[in-house]
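First comes the structure, then the notes that go with it.
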Amino acid sequence: MAFTETATRPGPVDRLRDALPKLVLSPTVAIVAIFVYGFIVFTFYLSFTNSRILPQFGWVGWQNYENLFRIRAWDTAVTNLIIFGSLYIIICCALGLLLAILLDQRIRAEGFIRTIYLYPMALSFIVTGVAWKWFLDPGIGLEAVVRGWGWESFTFGWIKDREMAIYTIVIAAVWQTSGFVMAMFLAGLRGIDSEMMKAAQIDGASTFALYRRIVIPQLRPAFMSAFVVLAHMAIKSYDLVIALTGGGPGTATELPATFMYSYTFTRNQMGIGAASAVIMLMTIAAIIVPYLWSELREKR
């Protein structure tokens, strides 16, 4: 009996082996807890203080949030986000689905074409913004090239136009992300039961009806995933805007992320900047939390 208890009792080596993963991961967990979640909580706190250029701890309650919604630049940023986010999500999903359906036809050089579509996603948004800034600049970009070919009346100065500049952000963002959305939809298409498709074709279903009634409904998880990813990217868009337009002309392409940076680090109104950051976080949480809840519910 004593021999059995001694044999089943874990020794020092076994205990060390069991504890080793926790020891290895504990510094990373501690760093994430402090520098991610800790600073999120700190930002919440700052949004209720009178912080300016440096954090202060004078409690002002909801005053920063009230002031935030009185600032015209914040209204502009929210309006631009609605325009940019709506067009960005819709166009990316439509273009990504179209490209995925095209590649799903088992065309030649599929791997090469898929790589080309996905390549923009490998670039940083800074590189994308700078490249599209050069391309859209009337002095050296598309307008200058077309006029050099002889079409002197051609104009394409959206990047300098206050009314149209926000759409240049949409163009650049769609160019970079639509290939990623295509990959998500292509994975969904490849997971659809081919026997169901063949049965529908035998029953006389047209190609349009096949996609409308069978294919697209089964891509609901891919649509939801694409929506969540694209909405998250739209809300936190900063580097693309800074590289492409700098938020201009004026505040024509101001977004909440650029507003937050400007008021926190340039205008020295950290309390208002923290309040805008909290609003952005709550918006992202309002999108991601229901999605995660529905996914966990389906798995159960």
Side-chain angles (χ1 to χ4, degrees), residues 39-40 42-91 125-126 128-130 132-133 136-138 156-174 230-288:
F39 278 100
I40 288 176
F42 187 55
T43 301
F44 267 97
Y45 179 78
L46 289 179
S47 68
F48 294 100
T49 66
N50 59 349
S51 299
R52 295 292 181 179
I53 188 172
L54 292 174
Q56 298 179 16
F57 303 102
W59 190 262
V60 296
W62 296 97
Q63 182 178 338
N64 287 326
Y65 291 91
E66 294 174 0
N67 293 338
L68 175 66
F69 287 97
R70 294 194 188 104
I71 298 174
R72 185 174 181 180
W74 175 252
D75 294 337
T76 302
V78 172
T79 302
N80 287 339
L81 177 61
I82 294 172
I83 296 172
F84 168 68
S86 301
L87 293 176
Y88 177 50
I89 294 171
I90 292 172
I91 296 174
F125 282 103
I126 292 292
T128 298
V130 171
W132 277 94
K133 182 178 181 178
L136 296 173
D137 191 306
F156 192 78
W158 284 11
I159 198 171
K160 305 291 186 181
D161 189 337
R162 293 182 59 91
E163 299 296 328
M164 304 300 294
I166 188 63
Y167 301 106
T168 63
I169 308 292
V170 176
I171 293 171
V174 168
L230 294 175
H232 171 260
M233 295 177 70
I235 292 170
K236 70 181 187 66
S237 293
Y238 173 80
D239 40 5
L240 178 63
V241 179
I242 293 300
L244 182 56
T245 63
T251 59
T253 56
E254 189 88 83
L255 290 178
T258 60
F259 175 93
M260 181 271 295
Y261 181 88
S262 172
Y263 268 75
T264 302
F265 301 107
T266 304
R267 303 195 183 194
N268 301 327
Q269 298 190 43
M270 186 176 293
I272 291 178
S276 65
V278 170
I279 296 295
M280 291 169 58
L281 179 61
M282 292 296 98
T283 306
I284 293 174
I287 296 170
I288 293 179

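Along the sequence shown, the residues carry numbers beginning at 1.
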Does Arg72 have any side-chain hydrogen bond (donor to acceptor under 3.5 Å, both in side chains) partners at least two apart in sequence or in another chain, and if so, which?
none

Option among Tyr263, Phe259, Phe265 that satisfies the ring-ring contact (aromatic ring centres under 6.0 Å, His included) test with Tyr261:
Phe265

Between the main-chain N or O of Gln56 and the side-chain N or O of Ser51, is there a donor-acceptor pair closer than 3.5 Å?
yes

Rounded to the nearest 0.5 Å, what separates atom CD1 in Ile83 from atom CD1 in Ile166?
6.5 Å

Mind listing the closest non-hydrogen atom pair of Leu240 and Ala172 along with its distance?
CD1-CB, 4.1 Å

Checking the side chain of Asn64 only, and the main-chain atoms of Ser47 only, is there a donor and an acceptor separated by less than 3.5 Å?
yes

Classify the ring geometry between Tyr45 and Trp59 as parallel (under 30°), tilted (30 to 60°) or perpendicular (over 60°).
tilted

Spacing of CD1 belonging to Ile159 relative to CD1 belonging to Ile169, to within rounding of 0.5 Å:
7.5 Å

Determine the minimum heavy-atom distance between Leu281 and Phe44, stating which atoms define it.
CD2-CE1, 3.7 Å

Report yes if some heavy atom in the side chain of Arg70 is under 4.5 Å from a heavy atom in the side chain of Asn67; otherwise report no.
yes

Kindly compute the distance separating CE (Met280) from OG1 (Thr43), expressed to the nearest 0.5 Å.
11.5 Å

Output, in order, the C-alpha distance, side-chain angles, deciding distance and verdict of side chain to side chain contact (heavy atoms under 4.5 Å, CB included) for Ile287 and His232.
CA-CA 8 Å; Ile287 296 170; His232 171 260; over 6 Å; no

If every non-hydrogen atom of Pro138 is compared with every non-hydrogen atom of Gly157, which pair is closest and at what distance?
CG-CA, 3.9 Å

Heavy atoms from other residues, nucleotides or ligands near CD1 of Ile40 exceed 12 (cutoff 6.0 Å)
yes

Find the distance between CD1 (Ile171) and OH (Tyr88) and round it off to the nearest 0.5 Å.
14.0 Å

Counting C-beta onward and ignoring hydrogens, is there a side-chain heavy-atom pair between Tyr238 and Leu255 closer than 4.5 Å?
no

CG on Asn268 to CZ on Arg52, rounded to 0.5 Å:
9.5 Å

Please enumerate all residues that pass ring pair (Phe, Tyr, Trp, His ring centres under 6.0 Å) together with Phe39, with sequence neighbours excluded.
Phe35

Just one of Thr258, Thr168, Thr253 clears the side-chain hydrogen bond (donor to acceptor under 3.5 Å, both in side chains) bar with Thr245, so which one?
Thr253

Donor-acceptor contact present, side-chain Thr128 to main-chain Phe125, <3.5 Å
no

Minimum heavy-atom distance Phe69-Asp75, with the two atoms named
O-OD1, 4.1 Å

Should the heavy atoms of other residues, nucleotides or ligands under 6.0 Å from OH of Tyr167 be counted, would the total exceed 12?
no

Quick one, Leu136 with Trp158, criterion side chain to side chain contact (heavy atoms under 4.5 Å, CB included). Give me CA distance, side-chain angles, the key distance, then yes/no.
CA-CA 8 Å; Leu136 296 173; Trp158 284 11; over 6 Å; no

Can you give me the closest heavy-atom contact between Ala77 and Pro256, atom names plus distance?
O-CD, 3.5 Å

Is it true that a side-chain atom of Arg162 and a backbone atom of Pro249 form a donor plus acceptor pair closer than 3.5 Å?
yes

Write down the atom of Leu244, the atom of Trp132, and the distance for their closest heavy-atom approach.
CD1-C, 3.7 Å

Asn80 side chain vs Ala252 backbone, donor-acceptor pair below 3.5 Å:
yes

Calculate, to the nearest 0.5 Å, the distance between atoms CD1 and OG1 belonging to Ile53 and Thr266 respectively.
10.5 Å

